[in-house]
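These notes are about the structure you will find just below.
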Amino acid sequence: MDFVALSAIIGIMLLWIVITYDIGCQWSKNLGLRMQEFPEHMRISKDVKLDVGVPSWHIKGHGQKCQDNYNLGYMKGTGRTCGEEIEATWSHTNPLAPSVREMGPGARHETLNDHWNGWNFRKVVGLSMSSYCYCYCYS
């Protein structure tokens with residue numbers, strides 16, 4: 001998880017980062033020490049505020065101390081974020097399993113990318129249905 005999280009934010013200049021992870025309460029322990037094993041360009045700067053929270057669907061399975069310290073509902077700046085966005089799309093990916101498990105790595109990669117690109121396209125197109133957009137054209 002360290003490599004994935006640190007790779008995702010390389011080159012991004014932010015003042016505040018909030019990471020959600022099912023076991024964020026455990027993962028965040030000694031993160032600063034573990035980051036020392038990574039190249040300098042992958043480390044989170046000391047000037048960046050880093051908060052770690054446990055997503056809403058997983059926080060109930062944690063102890064009271066964890067619920068008090070890692071609950072997104074209590075964390076400043078997270079609003080009503082549930083933190084489970086990635087898992088919400090799994091139900092749409094699961095039907096692909098019988099096909100992609102028989103594929104080689106390249107075909108599997110392309111099939112999953114096509115599926116997720118289609119999912120993202122439908123999500124973006126659906127945004128216009130949920131909000132109003134007024135366009136004024138002047139000639």
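This chain uses plain numbering: 1 for the first residue, then up along the sequence. In this text, all values refer to a predicted model and were calculated from it rather than measured experimentally.
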Output the rest of the hydrophobic cluster of W27: all Ile, Leu, Val, Met, Phe, Trp and Tyr residues reachable through side-chain heavy-atom contacts under 4.5 Å, sorted by chain and number. M1, F3, L6, I9, I10, I12, L14, I17, I19, Y21, I23, L31, M35, F38, M42, I44, V48, L50, V52
Does H109 NE2 have over 12 foreign heavy atoms under 6.0 Å away? no
Side chain proximity check, H92 to H115, heavy atoms < 4.5 angstrom: yes
Using every non-hydrogen atom in the two residues, find where V54 and G24 come nearest and quote the distance to one decimal. CG2-N, 4.1 Å
Output for pair (N30 CG, Q36 CD), nearest 0.5 Å, gives 12.0 Å
Are T111 and D114 close enough that some pair of their side-chain heavy atoms sits under 4.5 Å apart? no
Heavy-atom donor-acceptor pair, T78 side chain to M75 backbone, under 3.5 Å: yes
Does D2 offer a backbone N or O that forms a donor-acceptor pair with the side chain of R34 under 3.5 Å? no
Work out which heavy atom in I59 is nearest to a heavy atom in S56; give both atom names and the distance. CG2-O, 3.5 Å
For W16 versus G77, what's the shortest heavy-atom pair and its separation? CH2-CA, 3.7 Å
Measure the shortest side-chain to side-chain distance between N69 and C25 over non-hydrogen atoms and say whether it is less than 4.5 angstrom. no
So which atom in R108 and which in R101 form the shortest heavy-atom distance, rounded to 0.1 Å? NH2-O, 4.4 Å
What closest approach, in Å, do H62 and D22 show between heavy atoms, and which atom pair accounts for it? NE2-O, 3.1 Å
For W116, give me all partners under side chain to side chain donor-acceptor pair (under 3.5 Å), at least two apart in sequence or on another chain. T93
Mind checking the SG-CD spacing from C66 to Q26? Nearest 0.5 Å is all I need. 7.5 Å
Would you mind reporting whether M103 and E110 have side-chain heavy atoms less than 4.5 Å apart? no
